[in-house]
Amino acid sequence: MADYVIGIDLGGTFIKAGVVDKQGKSLARTSVETEVKKGHETVVTNICRAADIVRDEAGLSWHDIIGIGIGAPGTLDIKNGVVLLSPNLPCLNEMPLRQLVAEKVPVPVVLENDANAAAWGEKWVGAGRGVNSLVMFTLGTGIGGGIILDNRIWHGANDVAAEIGHMSVFAYGVKCACGNLGCIEAYASATGMIRRMKEAIQEGKPSLLAEKVKNGEEFLAKDIHDAALQGDKTAEEIIVETGRLLGVAATNMMHILNPDMIVFSGGMINAGDMLLHPIKEEVNKRAFPASREKCQIVFAELGGDAGFIGAAGCALTEFETSA
Ligand SMILES: [Zn+2]
């Protein structure tokens, strides 16, 4: 009897894959290059190769596998398994990805948005174990989102729900990459935080990163945290302000959805309490007590594995009854 699922986290640079059992435990994982520039056939071949590598490493045959879940970035038609528009994987635009993979493997395949899949992973075996509803903010170059309501991923009318990075927190704020004004992503993503740090330095605030800005050198969100740990007050202020703005966004989600939990994930959570405390402080100042008392605000637990674990979980949900 089939007892395992394979999850694929499809990124613009790497494909992460893993074999997961019905309890969400990972048995094997791998990472292969996506090779986007070689075109969609190569990408599909690489997805199947990654699946085969982890199946083999876990010592399983295809008869042991219930199905494959693929978490893909971009705008998708989930019901039909089609990638509509994916800026990081342009060779897959308008491609029936689910069908292309399913033709090459002997098990059924399900397609899911990558941020939704990661939220499902955290809900299944990560920070959100046991809760019914959660909202996940994934803090990276942009801010991704996943919404789970009553134990189901919320897809919306045509699969474009949970773009929570593009909620405006300033009505006439800076222009976001999406074209809208004042999106939380434009301020509190890694990119947004770096922009605000550069602006603070250009306004004359003292910082350990001032020399880099003067020389036109780039730095990362991690460098801001490192500077803050070395006593850079400006860097610390920028991180605290990032937390406050995320607290505003979290409050908005709490007032709309009344979730059990709000999870923050992505590399920026390495800033720890320096980021989490101001998020909570801002929520405590703003949110309705009834909503705030019920909602846990936490950091994600699965790190970079959330994507493939969640994608595998989506396959389990989709195919388990028919397996
Ligand atoms: Zn936006």
Undergrad: Looking at Asp52 and Arg49, does any basic side-chain N land under 4.0 Å from a carboxylate oxygen?
TA: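 No salt bridge links Asp52 with Arg49.
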Undergrad: With a 4.5 Å heavy-atom cut-off, do Val20 and Ser26 have their side chains touching?
TA: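 In contact.
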Undergrad: Where is the tightest heavy-atom contact between Ala161 and Gly156, given as atom of each residue plus distance?
TA: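 Minimum heavy-atom separation between Ala161 and Gly156: CB-N, 3.7 Å.
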Undergrad: Would a distance-only check, ignoring hydrogens and angles, find a side-chain to backbone donor-acceptor pair under 3.5 Å from Ser207 to Leu209?
TA: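 Side chain of Ser207 to backbone of Leu209, a donor-acceptor pair under 3.5 Å: yes, one is there.
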Undergrad: Can you tell whether the side chains of Lys285 and Glu281 come within less than 4.0 Å, N to carboxylate O?
TA: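 No.
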Undergrad: Looking just at side-chain N and O atoms, do Thr251 and Arg292 make a donor-acceptor pair shorter than 3.5 Å?
TA: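 No.
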Undergrad: Indicate whether any N or O donor in one side chain lies under 3.5 Å from an N or O acceptor in the other, for His155 and Glu112.
TA: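 Short answer, yes.
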Undergrad: Does a side-chain heavy-atom distance below 4.5 Å link Gln23 with Val125?
TA: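 Contact flag for Gln23/Val125 side chains = no.
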Undergrad: Between Glu236 and Lys233, is there a salt bridge with N-O shorter than 4.0 Å?
TA: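 Looking at Glu236 together with Lys233, the answer is yes, because their closest N to O distance falls below 4.0 Å.
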Undergrad: Using the rule that Ile, Leu, Val, Met, Phe, Trp and Tyr join whenever any side-chain heavy atoms are under 4.5 Å apart, tell me whether Met254 and Leu257 fall into a single cluster.
TA: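 Linked within one cluster.
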Undergrad: Below 4.5 Å, heavy atoms only, C-beta onward: do Ile53 and Val32 meet side chain to side chain?
TA: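 A side-chain contact under 4.5 Å exists here.
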Undergrad: Once you round to the nearest 0.5 Å, how far does CD1 of Ile224 lie from CD1 of Ile194?
TA: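 So the gap between those two atoms works out to 5.5 Å.
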Undergrad: Determine, stepwise, if the pair Thr242 / Val240 fulfils side-chain contact (heavy atoms from CB on, under 4.5 Å).
TA: CA-CA 5 Å; Thr242 303; Val240 167; over 6 Å; no
Undergrad: Cation over ring, Arg195 on Tyr187, under 6.0 Å and within 45°?
TA: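 Yes.
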Undergrad: Could you state the interatomic distance from CG (Leu208) to OG1 (Thr234), rounded to the nearest 0.5 Å?
TA: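 Interatomic distance, Leu208 CG to Thr234 OG1, rounded to 0.5 Å: 9.0 Å.
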Undergrad: Tell me whether Asn116 contacts the main-chain N or O of Gly146 through its side chain, where contact means a donor paired with an acceptor under 3.5 Å.
TA: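 No; zero donor-acceptor contacts below 3.5 Å.
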Undergrad: What is the minimum heavy-atom distance between Val109 and Arg98, and which atoms define it?
TA: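 Between these two residues, the closest heavy atoms are O-CD, 2.9 Å.
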Undergrad: Any side-chain heavy atom of Trp62 within less than 4.5 Å of one from Val107?
TA: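 Yes, close enough: below the 4.5 Å cut-off.
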Undergrad: Hey, is CD on Glu94 packed in by over 12 heavy atoms from elsewhere, all under 6.0 Å?
TA: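 Check fails, neighbour count at 12 or below.
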Undergrad: For Glu199, is the CD atom crowded, meaning more than 12 foreign heavy atoms sit under 6.0 Å from it?
TA: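 Counting other residues, nucleotides and ligands, CD of Glu199 exceeds 12 neighbours.
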Undergrad: Looking at every heavy atom in both Phe299 and Ile269, which two are closest together, and how far apart are they?
TA: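 What the structure gives for the nearest pair is CE1-O, 3.5 Å.
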Undergrad: Membership question, hydrophobic clusters at under 4.5 Å side-chain separation (ILVMFWY): are Met197 and Met193 in the same one?
TA: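 Yes, one cluster joins them.
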Undergrad: Can you tell me if Asn80 uses its side chain to pair, donor with acceptor, with the backbone of Val82 under 3.5 Å?
TA: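 No; zero donor-acceptor contacts below 3.5 Å.
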Undergrad: Does either side chain, that of Asn46 or that of Glu33, offer a donor lying less than 3.5 Å from an acceptor on the other one?
TA: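 No, Glu33 and Asn46 have no side-chain donor paired with an acceptor closer than 3.5 Å.
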Undergrad: Contact between Asp21 and Leu27 at the side-chain level, heavy atoms closer than 4.5 Å - yes or no?
TA: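 Answer yes - side chains close enough.
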Undergrad: Can a salt bridge be assigned to the pair Lys22 and Glu320 using a cut-off of 4.0 Å between side-chain N and carboxylate O?
TA: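 Between Glu320 and Lys22 there is a salt bridge, with a charged N closer than 4.0 Å to a carboxylate O.
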Undergrad: Is there a continuous path of hydrophobic side-chain contacts, each under 4.5 Å between heavy atoms, that joins Met95 to Leu111?
TA: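 Yes: a chain of side-chain contacts under 4.5 Å links Met95 to Leu111.
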Undergrad: Minimum heavy-atom separation for Ile184 to Gly165, with atom names?
TA: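 Closest approach of Ile184 to Gly165, heavy atoms only: CG2-O, 3.2 Å.
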Undergrad: Using a 4.5 Å cut-off on heavy atoms from C-beta on, say whether the side chain of Ser31 contacts that of Ile15.
TA: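 Side-chain contact under 4.5 Å: no.
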Undergrad: Would you say Thr75's side chain and Leu84's backbone share a donor-acceptor pair under 3.5 angstrom?
TA: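 Not a single qualifying donor-acceptor pair exists.
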Undergrad: Does Asn215 have more than 12 heavy atoms from other residues, nucleotides or ligands lying within 6.0 Å of its CG?
TA: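 Yes, enclosed.
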Undergrad: Is there a path of hydrophobic side-chain contacts, each under 4.5 Å between heavy atoms, that joins Ile309 and Val5?
TA: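 Shared cluster, yes.
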Undergrad: So do the side chains of Ile297 and Val283 get within less than 4.5 Å of each other, counting heavy atoms only?
TA: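 They are in side-chain contact.
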Undergrad: Between Glu122 (side chain only) and Ala127 (backbone N and O only), is there a donor and an acceptor less than 3.5 Å apart?
TA: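 A pair under 3.5 Å: yes.
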Undergrad: Determine yes or no for a side-chain-to-main-chain donor-acceptor pair under 3.5 angstrom, with Lys123 supplying the side chain and Val131 the backbone.
TA: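 Confirmed, Lys123 side chain pairs with Val131 backbone.
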Undergrad: Restricting to non-hydrogen atoms, name the atom on Ala221 and the atom on Ala190 that form the minimum distance, rounded to 0.1 Å.
TA: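 Scanning both residues completely, I find the closest heavy atoms to be CB-CB, 3.9 Å.
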Undergrad: Given Phe264, which of Ile279, Val298, Val135, Ile143 fulfils the side chain to side chain contact (heavy atoms under 4.5 Å, CB included) condition?
TA: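 Testing Phe264 for a side chain to side chain contact (heavy atoms under 4.5 Å, CB included) against Ile279, Val298, Val135, Ile143 leaves exactly one candidate, Ile279.
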Undergrad: Between Thr34 and Thr13, is there a donor-acceptor pair closer than 3.5 Å when you use the side chain of the first and the backbone of the second?
TA: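 Confirmed, Thr34 side chain pairs with Thr13 backbone.
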Undergrad: Are Arg129 and Glu301 ion-paired here, with the side-chain N under 4.0 Å from a carboxylate O?
TA: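 Salt bridge present between Arg129 and Glu301.
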Undergrad: So for atom NE2, which belongs to His277, do other residues, nucleotides or ligands contribute more than 12 heavy atoms lying within a distance under 6.0 Å?
TA: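 No, because the 6.0 Å sphere around NE2 of His277 holds 12 heavy atoms or fewer from other groups.
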Undergrad: Taking all heavy atoms of Cys91 and all of Val43, pick out the closest pair and write down the distance.
TA: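 Heavy-atom minimum between the residues: SG-CG2, 3.8 Å.
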Undergrad: Have Ser265 and Thr138 got a donor and an acceptor in their side chains that come within less than 3.5 Å?
TA: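 Present: a donor and an acceptor within the cut-off.
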Undergrad: Do you know which of Leu92, Asp114, Val83 makes side chain to side chain contact (heavy atoms under 4.5 Å, CB included) with Leu10?
TA: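 For Leu10, the side chain to side chain contact (heavy atoms under 4.5 Å, CB included) check succeeds only for Leu92.
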Undergrad: Lys198 vs Glu218, test: salt bridge (charged side-chain N to carboxylate O under 4.0 Å, His left out). Steps then yes/no.
TA: CA-CA 10 Å; Lys198 283 182 184 168; Glu218 294 302 321; 2.9 Å; yes
Undergrad: Whether the side chain of Asp232 engages the backbone of Ala235 through a donor-acceptor N/O pair (distance < 3.5 Å, no angle test) should be reported.
TA: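 Answer holds: yes.
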Undergrad: Measuring only between side-chain heavy atoms, which start at C-beta, is Trp120 closer than 4.5 Å to Thr317?
TA: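 They are in side-chain contact.
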Undergrad: Hydrophobic clustering (ILVMFWY, side-chain heavy atoms < 4.5 Å, transitive) - are Val44 and Val105 grouped together?
TA: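 Per the 4.5 Å side-chain linkage, Val105 and Val44 are co-clustered.
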Undergrad: Going by atom types only, do Asp260 and Asn132 share a side-chain donor-acceptor pair under 3.5 Å?
TA: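 There is no such pair (donor and acceptor under 3.5 Å, judged by atom type) between the side chains of Asp260 and Asn132.
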Undergrad: Output yes when a side-chain donor or acceptor of Ser61 lies under 3.5 Å from a complementary backbone atom of His63, and no otherwise.
TA: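 Yes: the side chain of Ser61 pairs with the backbone of His63.
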